[in-house]
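Numbers for residues simply follow the sequence, beginning at 1.
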Amino acid sequence: MAAVELRKLCFRYAGSEKQALSGIDLTVEEGESVLITGPSGCGKSTLVRVLMGLIPHSYPGELEGEAYVFGMNVKNTPVSRIATRCGIVFQNPDNQLFTFSVEDDVAFGPENLALPPDEIGRRVDEALRLVGIEHLRHSSPNNLSGGEQQKAAIASILSMKPSLLIFDEPTSMLDPSSSASLIQRIFELKRSLSETGGKTTVIIVEHRIDLLLRHLSRIVVVSEGRVVLDGDPMKVLEESFRRGIPINIPPLLQIYFRVREKCGLKNPPATVKELASMLGGGGSKNG
C-alpha cells in the first residue's frame with residue numbers, strides 16, 4: 001500500500017476564483033524521503049493540508065479527484081483518524097504548542113486516543129528522548145528557543161507514532177546552523193524509527209534544497225498548483241535549471257549544470273574545491 005496516492009486532485013478555496021491545486025497525480029511509497037518544492041504560492045502547503053485531511057474538513061472549498069493516505073480516503077476519513085498514521089509539523093511550531101509544559105504538549109495526542117496512562121508515559125519518554133529534549137520536559141514552550149520549539153513540536157507528533165512525517169517549511173524560522181541541525185535530526189529520526197517500527201515515510205516542503213539533497217529519494221516540483229517535475233533529485237534539479245523554474249538550486253550545482261557538457265563532467269561535485277579540481281583537470285578526474 002502506498003503512503004500517499006493522489007489522482008487528478010483539484011482544490012479551490014472558498015471565495016477564490018483560482019484553483020490552488022489542479023490535476024495533481026502523485027504517489028509516495030512507504031519509506032521514501034520526498035521533497036516538495038516550488039515558487040512561493042504554488043500550492044505546496046495546500047497539498048500537505050490535503051494529506052492531513054485538513055482539506056476538506058477544516059478549510060472550506062471545492063475538492064475534486066481522489067486523495068488517499070495509507071488507503072484512507074481523506075474526503076470521508078476524520079482528521080483524528082488520519083493523525084494516527086500521519087503527523088505534520090508546521091512552519092511555526094508555536095501554533096502546535098499550547099499547554100503549560102513540553103511534557104503536556106507531547107502527551108496531548110496519546111491522551112486524546114484514550115490510551116492507558118502507562119502507555120502515554122512510555123510514548124512521552126520515547127518522543128522526548130528521540131529528539132533529545134528530555135531536559136526540557138517541564139519547561140514552558142513559551143520559554144524555548146525557535147529550535148527547541150521545533151523539537152518539541154516534532155516530539156508531540158512522534159508520540160502519536162505516525163508512519164508518515166510531514167514537515168511544512170521546518171527551517172523558515174531558524175538560522176543556518178539550527179536549520180542544518182534540524183534537517184540532520186529529522187533524517188536521523190527516520191532511520192531510528194524505521195529500524196524499530198517498520199518503514200517511516202518523510203515528506204518535506206522546503207526551500208533549503210542544499211540541506212536536504214543527500215537525504216532525498218525524490219524531488220517533486222510544484223508550480224501554479226501543478227506537479228511539473230517528479231523524480232531523481234539531480235535530474236529534477238537539472239531540468240528545473242534548464243527550464244528556469246524559480247527554485248533554490250544550490251549555487252554549486254547551478255555552475256555544474258552550466259558547464260557540465262562543455263567541460264565533460266559526469267558526476268556533480270560535493271564541494272567548491274572538488275568542482276575546481278574537476279575544471280582544472282578538464283573533467284578527467286570525474287570520468
A.B. asks: In the single-linkage hydrophobic clustering (I, L, V, M, F, W, Y; side-chain heavy atoms under 4.5 Å), do Leu193 and Leu128 co-cluster?
C.D. replies: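 Hydrophobic grouping puts Leu193 with Leu128.
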A.B. asks: So, taking the atom named CG in Asn248 and the one named CG in Leu253, what distance separates them when rounded to the nearest 0.5 Å?
C.D. replies: 12.0 Å
A.B. asks: Are any of the side-chain heavy atoms of Gln184 and His215 separated by less than 4.5 Å?
C.D. replies: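 Side chain of Gln184 against side chain of His215, heavy atoms only: contact under 4.5 Å found.
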A.B. asks: Answer yes if the ring centres of Tyr59 and Phe11 are under 6.0 angstrom apart, and no otherwise.
C.D. replies: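 No - the distance between ring centres of Tyr59 and Phe11 does not fall below the 6.0 Å cut-off.
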A.B. asks: Please check this pair: side chain of Ser172 against backbone of Glu169, looking for a donor-acceptor N/O pair closer than 3.5 Å.
C.D. replies: yes
A.B. asks: Return yes if some donor-acceptor pair links the side-chain N/O of Glu274 with the main-chain N/O of Ala270 below 3.5 Å, else return no.
C.D. replies: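 Present.
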A.B. asks: Under a single-linkage definition using a 4.5 Å side-chain heavy-atom cutoff for Ile, Leu, Val, Met, Phe, Trp and Tyr, are Ile166 and Leu212 assigned to the same hydrophobic cluster?
C.D. replies: no
A.B. asks: Could you tell me which non-hydrogen atom of Val106 sits nearest to which non-hydrogen atom of Ser159, and how far apart they are?
C.D. replies: O-OG, 2.7 Å
A.B. asks: Do Gln96 side-chain atoms and Phe90 backbone N/O form a donor-acceptor pair below 3.5 Å?
C.D. replies: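 Yes, the answer is positive, given that a donor and an acceptor are paired below the 3.5 Å cut-off.
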A.B. asks: Is it the case that the side chain of Ser194 and the backbone of Arg191 share a donor-acceptor pair, with hydrogens and angles ignored and the cut-off at 3.5 Å?
C.D. replies: no
A.B. asks: Examine Leu211 and Phe167 and state if one hydrophobic cluster contains both, with Ile, Leu, Val, Met, Phe, Trp and Tyr joined whenever side-chain heavy atoms are less than 4.5 Å apart.
C.D. replies: yes
A.B. asks: So with a 6.0 Å cut-off around CD of Glu5, is the heavy-atom count from everything else above 12?
C.D. replies: yes
A.B. asks: Quick one: do Leu158 and Leu97 end up in the same hydrophobic cluster if we chain Ile, Leu, Val, Met, Phe, Trp and Tyr together by side-chain heavy atoms under 4.5 Å apart?
C.D. replies: no
A.B. asks: Go through the structure and list residues passing side-chain hydrogen bond (donor to acceptor under 3.5 Å, both in side chains) with Asp25, not counting sequence neighbours.
C.D. replies: Lys8
A.B. asks: Specify the closest pair of heavy atoms between Pro162 and Gly87, including all atoms of both residues, with the distance to one decimal.
C.D. replies: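 Shortest heavy-atom contact: CB-N, 3.7 Å.
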A.B. asks: Using a cut-off of 6.0 Å, state whether more than 12 heavy atoms not belonging to Arg226 lie near its atom CZ.
C.D. replies: no
A.B. asks: Can you tell me how far the CG atom of Leu35 sits from the CZ atom of Arg208, to the nearest 0.5 Å?
C.D. replies: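 Leu35 atom CG to Arg208 atom CZ measures 12.5 Å (nearest 0.5 Å).
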A.B. asks: Any sub-3.5 Å donor-acceptor pair from Glu111's side-chain atoms to Ile120's backbone N or O?
C.D. replies: no
A.B. asks: Are the side chains of Asn142 and Asp94 in contact, using a 4.5 Å heavy-atom criterion?
C.D. replies: yes
A.B. asks: For a quick test of reading the model, state the closest non-hydrogen atom pair linking Cys86 to Leu51 and the distance between them.
C.D. replies: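 Closest heavy-atom pair between Cys86 and Leu51: SG-O, 4.2 Å.
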A.B. asks: Using a strict cut-off of less than 4.0 Å between a Lys/Arg side-chain nitrogen and an Asp/Glu carboxylate oxygen, indicate whether Arg137 and Glu103 qualify as a salt bridge.
C.D. replies: yes
A.B. asks: Passes salt bridge (charged side-chain N to carboxylate O under 4.0 Å, His left out), Arg123 versus Glu126? Steps please.
C.D. replies: CA-CA 5 Å; Arg123 290 193 180 202; Glu126 181 182 23; over 6 Å; no
A.B. asks: If I compare all heavy atoms of Pro39 with all of Pro246, which pair ends up nearest, and what's the gap?
C.D. replies: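 For Pro39 versus Pro246, the nearest heavy atoms are CG-CG, 3.6 Å.
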A.B. asks: Measuring from Leu136:CG to Ser145:OG, what's the distance to the nearest 0.5 Å?
C.D. replies: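 Spacing of CG (Leu136) from OG (Ser145) equals 8.0 Å.
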A.B. asks: Can Arg243 and Glu239 be counted as an ion pair, charged N to O under 4.0 angstrom?
C.D. replies: yes
A.B. asks: Please round to the nearest 0.5 Å and tell me the distance separating atom OG1 of Thr201 and atom CD of Glu30.
C.D. replies: 5.5 Å
A.B. asks: Once you measure the plane-to-plane angle for Phe241 and Phe257, does it fall in the parallel (<30°), tilted (30-60°) or perpendicular (>60°) bin?
C.D. replies: tilted
A.B. asks: Do NZ/NE/NH1/NH2 and the carboxylate oxygens of Glu148 and Lys151 come within less than 4.0 Å?
C.D. replies: no
A.B. asks: More than 12 heavy atoms of other residues, nucleotides or ligands under 6.0 Å from CZ of Phe100: is that the case?
C.D. replies: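 Atom CZ in Phe100 is not crowded, with 12 or fewer foreign heavy atoms closer than 6.0 Å.
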A.B. asks: Find the distance between CZ (Arg260) and CD (Glu238) and round it off to the nearest 0.5 Å.
C.D. replies: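 Atom-to-atom, Arg260:CZ and Glu238:CD are 4.0 Å apart.
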A.B. asks: When you measure from the side chain of His57 to the backbone N and O of Met52, does any donor-acceptor pair fall under 3.5 Å?
C.D. replies: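 No; judged by distance alone, with no hydrogens or angles, the pair does not exist.
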A.B. asks: Indicate, with yes or no, if Val228 and Leu216 share a hydrophobic cluster defined by side-chain heavy-atom contacts under 4.5 Å among Ile, Leu, Val, Met, Phe, Trp and Tyr.
C.D. replies: yes
A.B. asks: Is the backbone of Ser22 close enough, under 3.5 Å, to the side chain of Arg12 for a donor and an acceptor to pair up by distance?
C.D. replies: no
A.B. asks: Of all residues at least two apart in sequence or in a different chain, which pass the side-chain hydrogen bond (donor to acceptor under 3.5 Å, both in side chains) check with Ser33?
C.D. replies: none
A.B. asks: With a 3.5 Å distance limit and no angle check, can you tell me whether Gln254 reaches the backbone of Ile249 through a side-chain donor-acceptor pair?
C.D. replies: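 Checked: pair present.
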A.B. asks: Just by modelled atom types, is the Thr200 backbone N or O under 3.5 Å from a matching donor or acceptor in the Lys190 side chain?
C.D. replies: yes
A.B. asks: Is it true that Lys199 and Glu29 make a salt bridge, defined as a side-chain N closer than 4.0 Å to a carboxylate O?
C.D. replies: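 Salt bridge between Lys199 and Glu29, a charged N being under 4.0 Å from a carboxylate O: no.
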A.B. asks: Between Lys44 and Asp168, does at least one N-O distance fall below 4.0 Å, as a salt bridge requires?
C.D. replies: no
A.B. asks: Grab the two heavy atoms, one from Met234 and one from Leu213, that are nearest each other, plus how far apart they are.
C.D. replies: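 Closest heavy-atom pair between Met234 and Leu213: CE-CD2, 4.0 Å.
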A.B. asks: Could you verify whether a donor N or O on one side chain and an acceptor N or O on the other, from Thr171 and Glu206, lie under 3.5 Å apart?
C.D. replies: yes
A.B. asks: Once rounded to the nearest 0.5 Å, what's the spacing between atom CE of Met1 and atom CZ of Phe70?
C.D. replies: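 Here the rounded value is 9.0 Å.
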A.B. asks: Search all heavy atoms of Val236 against all heavy atoms of Gly231 and return the closest pair with its distance.
C.D. replies: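 Nearest heavy atoms, Val236 then Gly231: CG2-N, 3.4 Å.
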A.B. asks: So, does Thr77 use its side chain to make a donor-acceptor pair with the main chain of Asn73 at under 3.5 Å?
C.D. replies: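 A pair under 3.5 Å: yes.
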